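Every value quoted in this text rests on a predicted model; they were computed, and no experiment measured them.
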There are 2 protein chains.
Amino acid sequence: MKTVEDLEVKENLGMHLNYYQKEDQVLLAVDCIIFGFEKERLKILLIKRNFEPEKGKWSLIGGFLKKNEDLDQAADRVLETLTGLNDVYLEQLHTYSKIDRDPGQRTISVAYFALIDVDSHRFDGIQIDAAHWFDIKDAPDLIFDHNEMVRKAKARLRRRALTKPIGFELLPEKFTMRQLQNLYESILDKKLDKRNFINKINSLDILVKLDEKDMSVSRKGAYLYIFDKEKYEKKVQEDGFSFKI
Amino acid sequence: MKTVEDLEVKENLGMHLNYYQKEDQVLLAVDCIIFGFEKERLKILLIKRNFEPEKGKWSLIGGFLKKNEDLDQAADRVLETLTGLNDVYLEQLHTYSKIDRDPGQRTISVAYFALIDVDSHRFDGIQIDAAHWFDIKDAPDLIFDHNEMVRKAKARLRRRALTKPIGFELLPEKFTMRQLQNLYESILDKKLDKRNFINKINSLDILVKLDEKDMSVSRKGAYLYIFDKEKYEKKVQEDGFSFKI
DNA sequence: TTTTGAATGTGTAAAATGCACACTTAATAA
DNA sequence: TTATTAAGTGTGCATTTTACACATTCAAAA
């Protein structure tokens, strides 16, 4: 049996830090997959690189981790720099570390995905000129391993949306059933039955139906709803309720 | 509208690397939550630290990322150093980056979880003297944020086991239905009905029942099964089959 | 030789959930 | 007044999930 005193073991398990301290430090980046819902379509926010390598190509927005912040804060900062928004749903996705993922230099990147309600934020367009919202169905090819990041983010969003009430992060405070259904159809990339969808949502009993209608979309108008977050959280805590679509 | 030429924007988005290259490099660690199934119980492999800080306390096994490997490889290496095994199920879990998570120095840690079939690997005990298998129900308190890592790993394992056939990674090649059920009961931390469980498993149609019995556990003996991985993968590809328990 | 004990193995009925499906209503514009 | 357009609403069938109990095997003990 080996012991932790063996040199090889010590090295592999990183037990004498002096050896590693300088040598093996790396640059840690944060990249954000930013989803938005606008004009009844799921969108993704991308930026055109104006620096090498891969200048002129589209990429996710990213930045480097600084000494005085953790990764969540770095993601917040990067997102705020690009959108001006600072109260946004952000979730860590995965860490990418292939040695040659960035041909410029060795960089490890922690991917986050963000959900933004595009319609209600009058964030004067986008803070950065080179950024653009793409329909999720026809986003361009991206640099490095960013395509892979987006693929994984879409899968995660799909799963989350089915089991947590995060869809509302993408909608304005007041929304119609049809908007909610369109959102789910975009996320799941399939048509849903109107009656079954509404029955399901109503059975969850976490929305409040307002007396107000959105008249912009049809003659009849569509009732507006809001998500009752407190009620949802109370149900989770007290009844072990779990959101499932 | 800002442009990517603004200095502040450039800095936040990490667009001129020279500035960051040295200053903001960090030490990247890998920590492994190692699950095993032994004597019909779910276990976790921990190590007693014999170096500062927190010397003498229990912790996950870990190591530092080296220049010439990616994170998956680092996790493999750390795991092999500890167990001598090199063909183990490993999955990246989450990256932890709180500024003071390691009081010794700023370290970012990428957590992985591993699934090991303890019984059939005669890995001469464990390679490191200070390591020990704990029943998942009475594992000791761990250093740093390792408790949080284990909590998250348990949740991930629970979800994965319900939707992917990874449970078999924890069992010997040949196993009884009762063993499989015990495994799922440990992972889900609840009792399951014997008949319903067997019916469910059989309906998946991915196991092969052998003519052989395990006579060690009862007078009557229990039939042995093996997981037919090829059949499973074929079903997934051809019929869009998805494993669900 | 018989009895006992301990774990295996097997099926059905009721309840809950998922899924397909079509007509009426409200409001405005012509 | 009528035509138009999207909203809103309920039922029956199929599938899945859940609850539930007794007979079988074989070794060891009596």
**Item:** Expected output: side-chain B:N182 to main-chain B:E40 donor-acceptor under 3.5 Å
**Value:** no
**Side-chain donor/acceptor of A:E233 to backbone N/O of A:E230, under 3.5 Å** =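 No; judged by distance alone, with no hydrogens or angles, the pair does not exist.
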**Request:** May I ask you to establish whether B:K213 and B:Y223 are in a cation-pi arrangement, using a distance under 6.0 Å from NZ or CZ to the six-membered ring centre and at most 45° from the ring axis?
**Result:**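 Output yes; distance and angle both within limits.
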Starting at [atom1] of [X] and ending at [atom2] of [N], how long is that distance when rounded to a whole Å?
{"X": "B:Y225", "N": "C:dT8", "atom1": "OH", "atom2": "P", "answer": "12 Å"}
{"X": "B:N182", "N": "C:dA7", "atom1": "CG", "atom2": "P", "answer": "11 Å"}
{"X": "A:L192", "N": "C:dC21", "atom1": "CG", "atom2": "P", "answer": "15 Å"}
{"X": "B:K209", "N": "C:dT8", "atom1": "NZ", "atom2": "P", "answer": "13 Å"}
{"X": "A:I245", "N": "C:dC19", "atom1": "CD1", "atom2": "P", "answer": "13 Å"}
{"X": "B:I198", "N": "C:dA7", "atom1": "CD1", "atom2": "P", "answer": "15 Å"}
{"X": "A:L224", "N": "D:dA7", "atom1": "CG", "atom2": "C1'", "answer": "13 Å"}
{"X": "B:M177", "N": "C:dT10", "atom1": "CE", "atom2": "C1'", "answer": "12 Å"}

Would you tabulate the nitrogen or oxygen pairs shorter than 3.5 Å linking the protein to nucleotides 11-18 of chain D?
residue	atom	partner	partner atom	Å
D:dT17	OP2	B:K200	NZ	3.4

**Item:** Result of checking A:K43, A:R41, A:K39 against A:D135 for side-chain hydrogen bond (donor to acceptor under 3.5 Å, both in side chains)
**Value:**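 The side-chain hydrogen bond (donor to acceptor under 3.5 Å, both in side chains) with A:D135 is passed solely by A:R41 among A:K43, A:R41, A:K39.
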For the residue pair [X] and [Y], does the interplanar ring angle fall in the parallel (under 30°), tilted (30 to 60°) or perpendicular (over 60°) class?
{"X": "A:Y89", "Y": "A:F113", "answer": "tilted"}
{"X": "A:F134", "Y": "A:W58", "answer": "perpendicular"}
{"X": "A:F227", "Y": "A:Y232", "answer": "tilted"}

**Prompt:** Any side-chain N or O of A:R195 under 4.0 Å from OP1/OP2 of D:dG8?
**Reply:**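 A:R195 to D:dG8 OP1/OP2: no side-chain N or O under 4.0 Å.
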**Request:** Spell out protein contact along nucleotides 22-30 of chain D as letters: B when the base is contacted, S when just the sugar-phosphate is, - when no protein heavy atom is under 4.0 Å; keep the 5' to 3' order.
**Result:** --BBBBS--
**Prompt:** Which nucleotide in the list C:dG9, C:dA7, C:dA22 gets nearest to the side chain of B:A222?
**Reply:**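 Ranking C:dG9, C:dA7, C:dA22 by closest atom to the B:A222 side chain puts C:dG9 first.
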**Request:** Would you mind telling me which of D:dC20, D:dG8, C:dG9 lies closest to the side-chain atoms of B:D193?
**Result:** D:dC20
**Item:** Rounded distance (nearest 0.5 Å) linking atom CD1 of B:I47 with atom SG of B:C32
**Value:**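 Result: 11.0 Å between the selected atoms.
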**Prompt:** Will you find, in the side chains of A:D141 and A:N147, an N or O donor that is under 3.5 Å from an N or O acceptor?
**Reply:**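 There is such a pair between these side chains.
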